[in-house]
Amino acid sequence: MDISAALQAWMLELDSFSIDMVPRFADRPVPSQVLSVMSTHSAESMRSSEAQQGAPFAEAPVDRAAALQCIAQEIAACKACDLAAGRTRVVPGQGSAHARMLFVGEAPGAEEDRTGDAFVGEAGQLLTRMIGAMGLQREQVFITNVVKCRPPENRDPLEHEAAACRAFLLRQLASVNPEVVVALGAHATRSLLQHDGPLSAMRGRVHDVGRMKVVATYHPSYLIRMPSMKRAAWEDLKLALSLLKPAAKPTA
Ligand code: SF4
C-alpha cells in the first residue's frame, strides 16, 4: 500500500476517535531515505540476548534470509504440539530478513491458516495501517506470531503450545536481530518478556531483552473491538519508533 495513503487512512481513524496528538512528521511526506535506511542493519550481535533467552544462535547469521528459510522449513515439519493436527498451513511469518523492527502477534487466524501468511485478515489490515502510520511499509518489517499454527476456534494459544513454539520465535529474533520488537497483545508480551503481569502494566514503556528493545501494545484484533484504545496504542507505536536510531526515523 502507498505510504501516504496508509498514513492518511490511519490518521483518519485517529481523527474519528478525537485523537489530537500527531507525530511531528505525520502530516509530511515520508522521505525516500526512510525507505532505504530500514533495510540496512546494525552488525551488533545478540550474544547477551541469546544467553539470557536461550536462543540457539551465538550471533546473527551472515545470511539472515537463509536462516529464516531454514526455520520456516523446520516449522513446516513441526508436530511438537497438538496445533499441528488442526492446521491447514503453517504460518512462520514474513518480512525483511534485515528488518530493524519486528512485530510479534499471537496466533494465526482462519485467513492466515488458509494463506500461510501472518496478519492478512482484518487485524492484518489494521496492522498494515499502523505500520504505515509509522512511516514504514510491511515489507520493511518482519511479522510473526507466538505460535505458528492456528488454534482451533481461534482460541488463545495455551501455555504449553506457546512454550513448544518459543524456540522458533527466539531463532527468528536471533536471525533478524531487530533493534525494536513490538509485542502485539498479552500473549506476545508474555512470551517475549516471560512475565505474567497484565498487558496494561507492561505497555507504555521500554523493556530491555538482551540488546533488543521490546515495546508492548494492544493486538490489532483488540483495537478493532475496542477502538477507543487506539490512542494508547498509537503512543506505544511512537515510543517504538523513537527507539530506532535517528537515521532510521522519518525526518522533517
Ligand atoms: S504451533 Fe509451533 S510447536 Fe506447535 S506444531 Fe505448530 S510449529 Fe510446532
Side-chain angles (χ1 to χ4, degrees), residues 1 5-23 26-27 91 93 95 101-115 117-136 138 141-147 150-159 161-162 169 180-207 213-243:
M1 179 186 283
L7 180 58
Q8 198 168 19
W10 178 249
M11 295 313 296
L12 283 173
E13 285 194 60
L14 297 179
D15 284 347
S16 70
F17 297 106
S18 303
I19 293 174
D20 54 3
M21 86 295 268
V22 187
D27 57 349
V91 184
M101 189 175 290
L102 187 150
F103 291 80
V104 181
E106 180 178 305
E111 194 63 12
E112 289 80 9
D113 181 63
R114 188 181 67 78
T115 62
D117 290 325
F119 279 95
V120 291
E122 188 182 3
Q125 292 167 17
L126 177 56
L127 179 61
T128 300
R129 296 197 295 276
M130 292 160 68
I131 293 169
M134 300 171 80
L136 306 173
R138 272 182 72 122
V141 303
F142 195 88
I143 303 172
T144 188
N145 283 302
V146 169
V147 294
R150 182 193 182 197
E153 312 296 330
N154 285 344
R155 66 158 168 75
D156 293 343
L158 302 176
E159 197 172 323
E161 295 163 347
L169 176 60
V180 184
V181 178
V182 178
L184 300 167
H187 289 281
T189 302
R190 193 172 303 136
S191 181
L192 286 165
L193 302 181
Q194 295 286 281
H195 192 287
D196 279 339
L199 176 59
S200 58
M202 307 305 285
R203 57 159 296 275
R205 57 195 172 99
V206 180
H207 304 268
K213 305 290 185 187
V214 177
V215 173
T217 192
Y218 300 107
H219 193 283
S221 295
Y222 177 75
L223 295 176
I224 290 171
R225 296 194 305 273
M226 298 287 291
S228 62
M229 302 308 287
K230 286 180 178 175
R231 177 179 184 136
W234 184 232
E235 288 299 315
D236 296 330
L237 295 182
K238 286 195 296 180
L239 176 61
L241 191 61
S242 74
L243 298 172

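Atom set for the values below is all heavy atoms of this structure, side chains included, hydrogens, waters and symmetry mates excluded.
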Asker: Can you see which heavy atom on Pro151 is nearest to which on Ala107, and at what distance?
Answerer: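 Scanning both residues, the minimum pair turns out to be CD-CB, 3.6 Å.
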Asker: Just do the side-chain contact (heavy atoms from CB on, under 4.5 Å) check on Ile131 and Ile143 with the steps written out, would you?
Answerer: CA-CA 11 Å; Ile131 293 169; Ile143 303 172; 4.0 Å; yes
Asker: Rounded to the nearest 0.5 Å, how far apart are CZ of Arg138 and CZ of Phe103?
Answerer: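 Taking CZ in Arg138 and CZ in Phe103, the distance rounds to 10.0 Å.
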Asker: Roughly how far, to the nearest 0.5 Å, is CG of Asp236 from CZ of Arg203?
Answerer: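 Nearest 0.5 Å value for the CZ-CG distance: 4.0 Å.
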Asker: Working to the nearest 0.5 Å, report the span between OG1 of Thr217 and CD of Glu235.
Answerer: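 Interatomic distance, Thr217 OG1 to Glu235 CD, rounded to 0.5 Å: 10.0 Å.
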Asker: Determine the minimum heavy-atom distance between Leu184 and His219, stating which atoms define it.
Answerer: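 So the minimum-distance heavy-atom pair works out to O-CD2, 3.5 Å.
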Asker: Side-chain contact, heavy-atom cut-off 4.5 Å: Pro108 with Val147?
Answerer: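 Contact flag for Pro108/Val147 side chains = yes.
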Asker: Assess whether side-chain contact (heavy atoms from CB on, under 4.5 Å) is satisfied between Met101 and Met134, documenting all intermediate values.
Answerer: CA-CA 11 Å; Met101 189 175 290; Met134 300 171 80; 3.5 Å; yes
Asker: Under the side-chain contact (heavy atoms from CB on, under 4.5 Å) criterion, do Leu126 and Phe119 qualify, and how do the steps go?
Answerer: CA-CA 9 Å; Leu126 177 56; Phe119 279 95; over 6 Å; no
Asker: Counting C-beta onward and ignoring hydrogens, is there a side-chain heavy-atom pair between Val104 and Ser191 closer than 4.5 Å?
Answerer: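 Heavy-atom side-chain distance check fails, nothing below 4.5 Å.
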Asker: Of all the heavy-atom pairs spanning Val120 and Asp117, show the shortest one and how long it is.
Answerer: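 So the minimum-distance heavy-atom pair works out to CG1-CB, 3.6 Å.
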Asker: Step by step, work out the side-chain contact (heavy atoms from CB on, under 4.5 Å) result for Val146 and Glu106.
Answerer: CA-CA 5 Å; Val146 169; Glu106 180 178 305; 5.7 Å; no
Asker: Do Arg150 and Glu112 make a side-chain contact, defined as non-hydrogen atoms from C-beta onward lying under 4.5 Å apart?
Answerer: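 Contact flag for Arg150/Glu112 side chains = no.
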Asker: Quick one: does any side-chain atom of Gln125 pair with a main-chain N or O of Glu122 as donor and acceptor, under 3.5 Å?
Answerer: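 No.
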Asker: Look at the side chain of His187 and the backbone N and O of Asp156, then say whether any donor-acceptor pair between them is shorter than 3.5 Å.
Answerer: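 Looks like no, no N/O pair under 3.5 Å.
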Asker: If you compare all heavy atoms of Ala240 against all heavy atoms of Val182, which two are closest, and at what distance to 0.1 Å?
Answerer: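 Looking at all heavy atoms of both residues, the shortest contact is CB-CG2, 3.8 Å.
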Asker: Looking at every non-hydrogen atom in both residues, tell me the closest pair between Ala183 and Thr189 and how far apart they are.
Answerer: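 Nearest pair, atom of Ala183 first, then Thr189: CB-OG1, 3.6 Å.
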Asker: Do you know which two heavy atoms are closest between Asp196 and Arg190, and how far apart they sit?
Answerer: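 Of all heavy-atom pairs spanning Asp196 and Arg190, the closest is OD1-CD, 3.5 Å.
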Asker: Would you say that Met130 contacts Leu223 through its side chain, given a criterion of any heavy-atom pair below 4.5 Å between the two side chains?
Answerer: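 Sidechains of Leu223 and Met130: in contact.
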